[in-house]
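Notes to accompany the following structure.
Please read all numbers here as calculations on a predicted model, not as lab measurements.
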Protein chains: 2
Amino acid sequence: MQRMTRQRIAVTSLMESLDDFRSAQQLHDALRERGENVGLATVYRTLQSLADAGVVDVLRLEDENVFRMCSRSGHHHHLVCRACGRTVELTGLDVEKWAKQIAREHGFEEVDHTLELFGLCAQCAAAPNEA
Amino acid sequence: MQRMTRQRIAVTSLMESLDDFRSAQQLHDALRERGENVGLATVYRTLQSLADAGVVDVLRLEDENVFRMCSRSGHHHHLVCRACGRTVELTGLDVEKWAKQIAREHGFEEVDHTLELFGLCAQCAAAPNEA
DNA sequence: TTGTGTGCAAACAGTTTGCATTCGT
DNA sequence: ACGAATGCAAACTGTTTGCACACAA
């Protein structure tokens with residue numbers, strides 16, 4: 001129940017060649033440059049299904065969502081460079097336990113949380129105006 | 001440079017009477033019910049300026065932003081009930097220090113972060129289908 | 001008076017969706 | 001052949017903005 005269409009392959013393959021977060025529109029443009037014509041709506045639909053399947057990670061930015069192939073299975077967090085987008089997947093953080101603890105103290109259950117770190121990576125901090 | 005107009009007073013006063021997060025549109029409706037006619041655009045503009053001033057807190061939800069008067073000055077986090085919106089302001093979390101530490105380990109600087117906890121408050125967990 | 005604040009409606013951006021068509025299986 | 005996937009364009013949603021007018025200072 002998941003057909004391997006030209007478009008789906010193109011999107012997946014593109015994502016695998018990238019290692020930082022990109023918006024649906026950026027991916028759409030990148031595909032066009034590669035000569036692969038895929039409708040924007042299809043890019044959205046594909047990303048959606050990949051995200052649902054847990055194959056890609058979604059980062060909700062201020063005004064748009066960005067996506068990235070993720071290797072880690074399960075819950076994890078990110079450290080993202082706000083200049084170049086370089087991303088580090090953080091693991092082994094005991095945020096879950098800690099969050100559950102705090103929540104319980106306030107009588108809350110079924111705790112969930114969002115946590116993302118943003119900053120300037122060494123490279124961008126050193127050369128503010130380069131790629 | 002910050003005029004006290006009827007509208008600004010209405011919005012501020014309304015916010016002060018509430019203790020959980022509301023969207024701009026909800027606030028707009030509430031004002032109308034109170035008989036206070038304030039344009040939606042004005043509500044947005046007012047919330048914007050209050051947020052800039054650090055008087056209200058903004059919580060970026062999936063699809064919309066919600067606002068709330070905040071007493072705490074400075075950076076803090078929230079524990080929000082996803083059923084009723086009840087909110088607890090968390091303080092004394094050493095997230096900042098911790099985040100900076102993690103980031104530094106990866107060569108990142110000027111670290112910033114987002115962290116919010118969501119769950120079901122005692123009341124909502126007990127009575128799933130009430131107010 | 002003066003220019004910030006307001007209201008309205010139009011503009012916007014990102015995302016979603018309806019529907020006829022294409023194409024994997 | 002059958003129904004899921006696509007493309008296009010139109011619809012949607014929350015939010016922003018241009019502009020003429022109102023009003024706090």
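Going from atom CG of B:Asp52 over to atom P of C:dG5 covers 12 Å, rounded to whole Å. When the C1' atom of D:dA22 is taken as reference, atom CZ of B:Arg8 falls 17 Å away, rounded to whole Å. Rounded to an integer number of Å, the gap from A:Asp63 CG to C:dT15 P is 8 Å. Per the geometry, CD belonging to B:Glu64 stands 13 Å off P belonging to D:dT16, to the nearest Å. When rounded to the nearest whole Å, the span between CD of B:Gln48 and C1' of C:dG5 equals 15 Å.
Within a 6.0 Å sphere centred on CZ of B:Arg32, other residues, nucleotides and ligands contribute 12 heavy atoms or fewer.
Within the 4.0 Å cut-off from OP1 or OP2 of D:dT15, at least one side-chain nitrogen or oxygen of B:Asn65 is found. Phosphate contact (OP1/OP2 of C:dT16, side-chain N/O of A:Tyr44, threshold under 4.0 Å): absent. For D:dA22, neither phosphate oxygen OP1 nor OP2 lies less than 4.0 angstrom from any side-chain nitrogen or oxygen of B:Gln7.
With A:Arg82 contributing its side chain and A:Cys121 its backbone, the two residues share no donor-acceptor pair below 3.5 Å.
No single ILVMFWY cluster, assembled from side-chain heavy atoms under 4.5 Å apart, contains both B:Leu115 and B:Leu61.
Between B:His75 and B:His113, the distance separating the two ring centers is shorter than 6.0 angstrom.
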Where protein sits on nucleotides 19-25 of chain C, one letter per nucleotide: B base, S sugar-phosphate only, - none, heavy atoms under 4.0 Å: ----BBS
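In the set C:dT6, D:dT6, D:dT15, C:dT6 carries the atom at the smallest distance from any side-chain atom of B:Thr42.
Where A:Thr46 and B:Ala41 each meet DNA chain D at their nearest nucleotide, the meeting point lying more 5' is that of A:Thr46.
When hydrophobic side chains of Ile, Leu, Val, Met, Phe, Trp and Tyr are connected at separations under 4.5 Å, A:Tyr44 ends up clustered with A:Leu40.
For A:Gln101, the side chain to side chain donor-acceptor pair (under 3.5 Å) criterion is met by A:Glu105, not counting sequence neighbours.
Listed in residue order, the members of residues 19-40 of chain B having a heavy atom less than 4.0 Å from DNA chain C are B:Asn37, B:Val38, B:Gly39.
Here side chain to side chain donor-acceptor pair (under 3.5 Å) pairs that include residues 48-60 of chain B, with residues two or more places apart or in two chains, are B:Arg8-B:Ser49, B:Asp57-B:His76, B:Asp57-B:His78.
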Contacts under 3.5 angstrom, residues 13-22 of chain A side chains, donor-acceptor by atom type, not counting sequence neighbours:
{"residue": "A:Ser17", "atom": "OG", "partner": "A:Leu14", "partner atom": "O", "Å": "2.7"}
{"residue": "A:Ser17", "atom": "OG", "partner": "A:Arg34", "partner atom": "NH2", "Å": "3.1"}
{"residue": "A:Asp20", "atom": "OD1", "partner": "A:Arg22", "partner atom": "NE", "Å": "3.4"}
{"residue": "A:Asp20", "atom": "OD1", "partner": "A:Arg22", "partner atom": "NH2", "Å": "3.1"}

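The residues B:Arg104 and B:Glu109 are annotated as not salt-bridged, no charged nitrogen and carboxylate oxygen being separated by less than 4.0 angstrom.
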